[in-house]
Amino acid sequence: MTEKSASQTTRRQFLAGVSLAGAGAAFGGTLLTGCSSDGGAGGGKRSKTLFVAGFQWSPPTTFNPLNPNAGWPTAQDNMQLVFETLFAFNLLNGKLEPQLGSKLTAPDDHTLQIALQPKATWQDGKPVTADDVVYTLELAKSHPEVPFGSFFEYAKSVTATDPHTVTIELDAKQPNPGMVKSSLTTIYIMPKHIWAPIEQKTKQLTEYTVTKPVGSGPYKLDKYSASQLAYTRDEKYWGKAVRGKLPAPQYLVHPIFKDNSAGNLAFERGEVDAMQQFTPEIWKMWQNKHEPVATWYDKAPYQVPGSIPMLVINTTKKGLDNPKVRRALAFAIDYARIAKTAMSQYSDPAKSSVILPRGVEEEYFDAQNVAQHGWKYDPAQARSILENELGAKKGSDGVYKLPDGTRLGPWSAQTPTGWSDWQTALQVVAESTKEAGFDISTKFPQQAQTTTAVQNGNFDLACWYVAGVSAASPWQRFRDVLDSRGVAKPGTSAFYNYGRFHDSRVAPLLDKAATQTGAEAKQTYGELDRIFMANAPMIPLMYRPLDFYEFNTGTWSGFPTAKHPTGPPQFRGAGIDWLYDLKPTKK
């Protein structure tokens, strides 16, 4: 995943968890007017229509897959309904499932070879070929403004070996098959015969307006408005020959709600069937109200963790440039309270590791390493570090000062306004660290202001994101937290390591981990984790899913759960699998 795409994708997850202004949606009678084909959903065919919500919060303006704000699901790394990637990442097992690519092989350490689905076609009937793949990927060279503009940081060349085979040569100077594989699961492949003529007359491809997208996926855009997007199943979809069937819903509708509350109410009523949206205390819908609502797990944490929002520390600020101060800060934060209040029990209390302790990264998580070198909520230990290791004295105002007179605050902790769960997390940080002798306040600017401040290093503390689970994890997250290579100095935008941490031991360890697997990789990640825990350049605050996954079986059944894992609890990547297994609910 590229830097740009990483930030955009993760932001989408964040936006799903907050109340944002958008076009109000009049739900009910007007919502089912979108699908016109064959009478469509407008003909009252509710049992053939799947309602999905939580991805689109404003009127769509384009369906250009190169535009990061394209209408759902045509922006990159979204549900593969119209455009498809070469492979689909499965959150549960970490594997890459066939999509437009049927097989991925590595003839040697520096080469990846992709066999394409021989019968794949575009929605206009033309075949999907290796030339389409090469054309799409090489847009990263000719149009570096595209979301995957950094693809060639780790790939040296892409060639069409034959009409149905693509060969990618990795950069031998910086081999990183994980990052390249991650790109293969997030970059939508585009039809060359449509986009090459557009490219000839358009300088900024990302700004080109698309209203009739032509992809290779199982659904076509039918209609869209300020209140909804409607898609119709492509009965000629090439994938039917591979899977033996088409996705179950004939129609897909995404209503655009004005805020989370409107979406949650529609979901509870059964007017939305599947949703990617932060819903506080969702278990009360089935425990107290007996609604046919469920999530992946039927008890806490209800969701499969996929990302780690961090308390990013500006290591260039006086006081915060001291690793012992940062470790004292880490011991002062009440992680269990954050999990309970900010995350509504959808998270375990965060541990002091860059690696997720559950899921596909669990094989690399070293609990003993964390117990021996890490931290947990322990105000007494915070006080011991400050007084015994640093010689700090607490003033009459309750705030410690270091021997050189440096006061531990005032510092501000920021995250965008409206991101209510993250705001709550920072409020817990401010309150619990105040009790430990720090002076930290919160502020919640607009999202654009926060983004600029964090990227430019103009902040003290911030709740922000790093890479989630992918084919490149946990390597990419370690890079985001620790790697200083390619990171601009404060005042200029950086796209990872926002706190400008530097340790000369990191780069060679990261390079080694990039080509390791199994026990060797675990050992190297353990070394990196010890550098992280000794220096605390960031502090994990909570665990979040890649996508909030919740469903209502009032109209459709067959959604996967932990007890019946017929597909992964995600919408992007392999999350399309469960569309094929849905069935109308018997009433």
Scan side-chain atoms only and decide if Glu387 and Tyr400 contain a donor-acceptor pair under the 3.5 Å cut-off. yes
Quiz question: by atom type and distance under 3.5 Å, do the side chains of Thr442 and Gln423 form a donor-acceptor pair? no
Tell me if a side-chain donor or acceptor on Thr315 pairs with a main-chain N or O of Gly499 at a distance below 3.5 Å. yes
Please work out whether the ring planes of Trp411 and Phe438 are parallel, tilted or perpendicular, with thresholds of 30° and 60°. tilted
Whether Asp547 side chain and Phe571 backbone form a donor-acceptor pair below 3.5 Å: yes
Do we see a donor-acceptor contact under 3.5 Å between the side chains of Glu145 and Thr206? no
Ignoring hydrogens and geometry beyond distance, is a side-chain donor-acceptor pair present between Thr451 and Gln447 at under 3.5 Å? yes
For Leu408 and Val399, which heavy atoms make the closest approach, and how far apart are they? O-CG1, 3.8 Å
Could you check whether the rings of Phe551 and Tyr549 sit parallel, tilted or perpendicular, using 30° and 60° as the cut-offs? tilted
Please determine whether a side-chain nitrogen of the Lys or Arg among Lys376 and Asp378 lies less than 4.0 Å from a carboxylate oxygen of the Asp or Glu. no
Identify whether the distance between the nearest side-chain nitrogen and carboxylate oxygen of Glu389 and Arg327 falls below 4.0 Å. no
Begin with the C-alpha distance, continue with both residues' side-chain angles, and end with the deciding distance and a verdict on salt bridge (Lys or Arg N to Asp or Glu O under 4.0 Å) for Lys522 and Asp366. CA-CA 8 Å; Lys522 182 174 182 177; Asp366 188 335; 5.3 Å; no
Please name all residues satisfying side-chain hydrogen bond (donor to acceptor under 3.5 Å, both in side chains) with Asp529, sequence neighbours left out, ordered by chain then number. Ser353
Under 3.5 Å, is there a donor-acceptor pair linking the side chains of Ser384 and Asn388? yes
What orientation do Tyr346 and Phe548 show, parallel under 30°, tilted 30 to 60°, or perpendicular over 60°? perpendicular
Is Lys181 positioned over the aromatic face of Phe87, cation under 6.0 angstrom from the ring centre and no more than 45 degrees off axis? no
Modelled atom types, side-chain donor and acceptor of Thr167 and Gln113, under 3.5 Å: yes
